[in-house]
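For reference, positions follow the sequence shown, starting with 1. Not measured: the values here are computed from a predicted model.
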Amino acid sequence: MPTAAAMRALGRRLGGLLRPGDLVLLAGPLGAGKTTLVQGLGEALRVRGHVTSPTFVIARVHPPLGGGPGLVHVDAYRLGGLAEVDDLDLDLDGSVTVVEWGEGLAEDLSADRLEITIGFPAAGPGADPSGDEPRVVRIRGTGTRWTSSDRQHSPAG
């Protein structure tokens, strides 16, 4: 992704594919663009409230403005394991759930999930003060929801 705007646009495209009960796990270093991607998801899902990082509140719930699913946005950075994730009592069935820093913690929440890794090119983060430097995004679908032959759209498309 060449810019933050492109990352948001990817989030909007992904949001068009997501439905209630979907789980998305985001991995990547600080400043990689995880929350920027979720902002695009929130726009596509038409949820209430501005999507910001849930770092200090652990989880933010964004109810839908229309008939679509809500968005549950979790920052698992400070969580110690699946038991603490379970303690959040997330609405996994009625919402799209996105877990930042969920790698190694939240995979057991659903056999069907998207795992998205965002990173910097081999040179690492540059010195662009706007943060508008290229990112590398890898998207992997796990489970029948994302690997079945009836899936018609590619998230990166």
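- Counting heavy atoms from C-beta on, the side chains of V74 and E100 never come closer than 4.5 Å.
- The shortest side-chain heavy-atom distance between L30 and Y77 does not fall under the 4.5 Å cut-off.
- In plain terms, the two heavy atoms of G11 and L41 that are nearest each other are O-CD2, 3.2 Å.
- No donor-acceptor distance shorter than 3.5 angstrom exists from the side chain of H73 to the backbone of R60, with no hydrogens or angles considered.
- When atom types are taken as modelled, the side chain of T3 and the backbone of A6 share a donor-acceptor pair closer than 3.5 angstrom.
- Counting heavy atoms from C-beta on, the side chains of R135 and F120 come closer than 4.5 Å.
- Of all the heavy atoms in P69 and R19, the pair that sits closest is CG-C, 4.4 Å.
- Contact annotation: the side chain of L37 approaches that of I116 to within less than 4.5 Å [non-hydrogen atoms, C-beta and beyond].
- Using a 4.5 Å heavy-atom threshold, the side chains of T144 and D112 count as touching.
- When side chains are defined from C-beta on, L114 counts as touching L18, because their heavy atoms get closer than 4.5 Å.
- Placement of L23 and W101 in two distinct hydrophobic clusters is found when ILVMFWY residues are connected by side-chain heavy-atom separations under 4.5 Å, directly or transitively.
- In this structure, the side chain of K34 does not engage the main chain of T117 through any donor-acceptor pair within 3.5 Å.
- Counting non-hydrogen atoms of neighbouring residues, nucleotides and ligands closer than 6.0 angstrom, the CD atom of E43 exceeds 12 such neighbours.
- Within the 4.5 Å cutoff, no side-chain heavy atoms of R138 are placed close to those of I118.
- Heavy atoms only, all atoms of each residue included: G70 and P64 are closest at CA-CD, 3.6 Å.
- Side-chain contact between V72 and V98: absent, with no pair of heavy atoms (C-beta onward) separated by less than 4.5 Å.
- Counting only distance, with no hydrogens or angles, the side chain of D75 and the backbone of I58 share no donor-acceptor pair below 3.5 Å.
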